[in-house]
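Here is the structure we will look at, set down as structure tokens.
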2 protein chains.
Amino acid sequence: MAASRSKAKAAETEAAPAAETKRDAAATRERILVAATQEFADKGYDGARVDEIIRVSQVNKNSLYHYFGSKEQLFTAVLERVYENIRARQSDLSIRSMSPEEGMRTLVEFTARIWEEVPEYNRLLASENLHEARHVRQSERIVPMYNPLLATICELLKRGEEAGVFRGGIDPVDLYISITALSAHYISHRHTFEAIFKTELMTPARLEQRRRHAADMILRYLKA
Amino acid sequence: MAASRSKAKAAETEAAPAAETKRDAAATRERILVAATQEFADKGYDGARVDEIIRVSQVNKNSLYHYFGSKEQLFTAVLERVYENIRARQSDLSIRSMSPEEGMRTLVEFTARIWEEVPEYNRLLASENLHEARHVRQSERIVPMYNPLLATICELLKRGEEAGVFRGGIDPVDLYISITALSAHYISHRHTFEAIFKTELMTPARLEQRRRHAADMILRYLKA
DNA sequence: TGTTTATAACTAACCAGTTAGATAATCGGT
DNA sequence: ACCGATTATCTAACTGGTTAGTTATAAACA
């Protein structure tokens, strides 16, 4: 709400720390990004409405276009934040200090938790793939971002193989895609699955069962 | 096609077989459905344009609304065709006559081939899930359709367990979702994966590797 | 003073769905 | 067979509301 106090000129003694200042580029940008993330995740790129984003973020339309240029570039900025956030979560894991099996299980379960806790990411990526990754490819920040994760997987595979607990000859890209697929597809396609199988898939107990299922499947696949 | 030749009147000598007759409800409906499937798959529900569907199908706008009522109902009709087609492919397999392992591998590889050969289906389902399965739930024909497939999986699990080649305690819904996930997610998210991993994922050789990867993962998971 | 940030009103294109009516097939009665 | 009424299919032009993006202007700051 942020009473947009005009008052103006000197007058304002500004005793109170001015809970909200009148002009704050960074905060405005951030409000737009938060609202845009929600709107794009709710409706997909094509369903999302710029007018709804400015309504929720309480920002003028021209401000949005001033900061982001176009709906497309705004979507790209949203995706960049999403990828950054996913990478930050995944690299927080200190997997290097774990045994290969423990590390791999942690990685799978943590990846699963991302989709559960931030389902918006899943929806944004689904929408982006419907557009053939047009925005991801436009971004210079996203593409280099996933190297560290693939490196982690390679390192786990190598350590596991040396320790004799994992088989050799595993393709790390296939493995990464499968780790993601087993948890992300469950979440992203839950609505059609729930309609068809007439079961509840999003209860805490069911989600835990799914996480274990995914981790078991990956570990059994790797086991020597 | 079935040239419903007017004849009638008299005048019309009808020498040439009149390659295209003027009025054919079934053919018109079908042309609309074909064009709509493509358009909805290309652009998603929100991105798809009714005007583009009528342009491609060479049908008048009011005919489309006469046959299908609304864009939503047209999308539902498209989904019904898609689910019918998927089920028809999957139930064509005569898995009952195979060993449990052979049957399961066939099921996984055949499911993978569906997404490869008809990528439109994948995209339509992704769009539908962004809309929380609104249209699938509206359809009375889709929901009962998947019972036979789940029954096939249960039957394979039971036979495999009795033969001592599969473990017990496998959740058939989790298994079905994983079979789908391992192949569908690879296809549906290939654009972002290709952008990030800088590899080509859709070459015939790469697809074959992926099918084997998926089948191996499922079978190792089930192995006693 | 000049630059950055904000606002409201505007526009040109777009889009799902409608209206009003034409043209072709069908059928009942003769 | 033939006619006229009825129905099914098709067409073009229109409508009312929506949408991404712009313009013109003013206020806040350095």
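Residue numbering restarts at 1 for every chain, and letters A, B, ... go by the order of the sequence lines.
Put simply, the side chain of A/N60 and the base of C/dA8 share a donor and an acceptor less than 3.5 Å apart. A/D51 contributes no side-chain N or O that forms a donor-acceptor pair with the base of D/dT19 under 3.5 Å. At a cut-off of 3.5 angstrom, counting only N and O atoms as typed in the model, there is a donor on one side and an acceptor on the other between the side-chain of A/K61 and the base of D/dG21.
A donor-acceptor contact shorter than 3.5 Å links the side chain of A/E194 to the backbone of A/L201. A donor-acceptor distance shorter than 3.5 angstrom exists from the side chain of A/R210 to the backbone of A/L182, with no hydrogens or angles considered.
For B/Y65, the side-chain atoms get nearest to C/dA16 when compared with the rest of D/dT11, C/dA6, C/dA16. Of the listed nucleotides (D/dA20, C/dA6, C/dG17), C/dG17 has the atom at the smallest distance from the side chain of B/K71.
Within the 4.0 Å cut-off from OP1 or OP2 of C/dG17, not a single side-chain nitrogen or oxygen of B/S70 is found. Residue B/R49 places no side-chain N or O under 4.0 Å from the OP1 or OP2 atom of C/dC14. Using a 4.0 Å cut-off, some side-chain N or O of B/T28 falls inside it from OP1 or OP2 of D/dC10. The shortest distance between the side-chain N/O atoms of A/Y67 and the OP1/OP2 oxygens of C/dT4 is not below 4.0 Å.
Ring geometry for B/F193 against B/H189 counts as tilted: the plane angle lies between 30° and 60°, on a 0 to 90° scale.
DNA chain D is contacted by both A/G47 and A/G69; A/G47 maps to the nucleotide lying nearer its 5′ end (nearest heavy atom per residue).
Between the CG atom of B/D46 and the C1' atom of C/dC14 there is a distance of 15 Å, given to the nearest Å. Rounded to whole Å, the distance from CG on B/L64 to P on D/dT11 is 13 Å. At whole-Å resolution of the value, CG in A/L74 and P in D/dG21 are 10 Å apart. Rounded to whole Å, the distance from CD1 on A/I32 to P on C/dT7 is 11 Å. The distance between atom CD of A/Q73 and atom P of D/dA20, rounded to the nearest whole Å, is 15 Å. Following rounding to the nearest Å, B/R31 (CZ) and D/dT9 (C1') show an atom-to-atom distance of 12 Å. Atom NE2 in A/H66 sits roughly 14 Å away from atom C1' in D/dA28 (whole-Å rounding). Separating the CZ atom of B/F68 from the P atom of D/dC10 is a distance of 12 Å, rounded to the nearest angstrom.
In this structure, B/E52 does not pair ionically with B/K43, as no charged nitrogen and carboxylate oxygen lie closer than 4.0 Å.
A distance of 11.0 Å separates CD in B/Q138 from CZ in B/F75, rounded to the nearest 0.5 Å.
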